[in-house]
Every structure is written in C-alpha cells, then in structure tokens.
Amino acid sequence: MTGDSETGDGPEYDVDFRADPDAYEIGRGEEGVFKVEPYKSELLPLWSYRDEAAAEEAAEAIYERYERYRENDEFPGMDMARKYLQMGYTRAMRYAKYPGGRKYGDDGVERDPQEWANADKRAAALVFEEYWKRVREDDTYQRAKARHRERTD
C-alpha cells in the first residue's frame, strides 16, 4: 500500500461500489481499505487489534459481514472483508515484531525484528490470520473472485 492509503489520506473514490461492483479493482494486498465505500464505513469501525480479545471480537464481526456479503453476492464487500482481516494480521504482526510498531528507526534504517516484542499483538495477529485464511480458502470467495476478474478484465 502506498503511504496515502496506509494513513487514509488522499481522495476517496467517488464510486458506490455496492451500486457499481464492476468498478471495483481487486488490487494488491490491502489496497483500498480506507477508500472503497460503502465497505470502508461498514468494516473500519469493527476493526481492532489492540489485544487478543479485541482481535477476536473484530475478526468475528468482520467475518460475519463477509458472510452477509457472500449471501448477497457482493464480491467487493467480500474482498474488502478479506483485506481488513489481512490488515489486522499485518498490523498486529508489525507490533508483535517491532517495539511500538516502528519498523524503521529515527535514522530511516529498518530495525531488526524481535521475536516477540509484544506477545499480545502476536496473539491478535494469529486470530486475524485464522479468519483471513478461512476467507482466502472459501470456495465461494474463490469463484466470486474469478468471476469478477473475468467481468472486469
């Protein structure tokens, strides 16, 4: 993700992706998590990786939204839920490996990861990883992703 996406800065897309799902581009990794509406507004308030309990509550809530999107055949929502689960894993793991979540020192040089700088964040990351894997391996998700790519390529 670019710095703009990671901080949430920059313009929102001027598209309602529920109304116009073909305008949605899957992108790489967590791209669009802070910009793709209405899904950002539905998923971001659920997302937390403070500790294992918060991660469990958040991942479960996001997965429930995923199931709702799946029932409604809303691939952009399904994929955005996947991205929020992935982002929960990556953010929590960053804090698990780097004190204060800071991957780079004040000098701009990447710090060596620690095993485990923050055990609570590692536990949170593992919760998100479980749900993220469940979505990635879901046959319905895989078929919807393939259909979406065929329609938009």
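Just so we're clear, the structure is a prediction, and the values are computed from it rather than from any experiment. Every heavy atom of this structure was used, including side-chain atoms; hydrogens, water molecules and symmetry mates were not.
- Tested against D73, the residues R147, R68, R143 include a single salt bridge (Lys or Arg N to Asp or Glu O under 4.0 Å) partner, R147.
- R102 and G105 get closest at one heavy-atom pair: NH2-C, 4.0 Å.
- Side chains of S41 and E37: a donor on one and an acceptor on the other come within 3.5 Å.
- To the nearest 0.5 Å, atom OH of residue Y49 and atom OG1 of residue T90 are 8.5 Å apart.
- Aromatic pair Y63/Y66: centroids less than 6.0 angstrom apart.
- To the nearest 0.5 Å, atom CE of residue M93 and atom CZ of residue F128 are 12.0 Å apart.
- Other residues, nucleotides and ligands place no more than 12 heavy atoms under 6.0 Å from the CD atom of E57.
- A donor-acceptor pair is defined here as one N or O able to donate and one able to accept, closer than 3.5 Å; such a pair exists between the side chain of E31 and the backbone of R28.
- The nearest pair of heavy atoms linking P21 to H148 is O-CE1, 3.1 Å.
- Between R91 and E30 there is a salt bridge, with a side-chain nitrogen of the basic residue lying less than 4.0 Å from a carboxylate oxygen of the acidic one.
- Residues R18 and P38 share a closest heavy-atom pair of NH1-CG, 3.2 Å.
- Here D138 pairs with R70 in a salt bridge; the nearest charged N to carboxylate O distance falls below 4.0 Å.
- Counting heavy atoms from C-beta outward, L44 and F34 have side chains that approach closer than 4.5 Å.
- Within 6.0 Å of CD in E67 there are more than 12 heavy atoms belonging to other residues, nucleotides or ligands.
- Under the 4.5 Å side-chain heavy-atom criterion for ILVMFWY residues, no single connected hydrophobic cluster contains both L126 and W47.
- Of all heavy-atom pairs between F75 and Y24, the closest is CE2-CE2, 4.0 Å.
- At least one side-chain heavy atom of L43 sits less than 4.5 Å from a side-chain heavy atom of M80.
- Within 6.0 Å of atom CD in E25, 12 or fewer heavy atoms from other residues, nucleotides or ligands are found, so the atom counts as exposed in its surroundings.
- P45 approaches K40 most closely through the heavy-atom pair CD-O, 3.8 Å.
- Within the cation-pi definition used here (under 6.0 Å to the ring centroid, within 45° of the axis), R94 does not qualify as a partner of Y98.
- In this structure, Y39 has its ring center under 6.0 Å from that of Y69.
- Not one N or O on the side chain of N72 forms a donor-acceptor pair closer than 3.5 Å with the backbone of E74.
- No side-chain donor-acceptor contact under 3.5 Å links E56 to the backbone of E60.
- Within a 6.0 Å sphere centred on CG of D112, other residues, nucleotides and ligands contribute 12 heavy atoms or fewer.
- Put simply, the side chain of Y95 does not reach to within 4.5 Å of the side chain of K103, judged on heavy atoms.
- You'll find the side chain of R65 reaches within 4.5 Å of the side chain of E42, heavy atoms only.
- When only modelled atom types and interatomic distance are considered, R136 and Y141 share no side-chain donor-acceptor pair under 3.5 Å.
- Heavy atoms of other residues, nucleotides or ligands lying less than 6.0 angstrom from CG of D106 number 12 at most.
- Figure legend: cation-pi geometry between R134 and W132 absent, as NZ or CZ is not positioned both under 6.0 Å from the six-membered ring centre and within 45° of its axis.
- E52 places a side-chain heavy atom less than 4.5 Å from the side chain of V127.
- Residues A81 and I62 share a closest heavy-atom pair of O-CG2, 3.7 Å.
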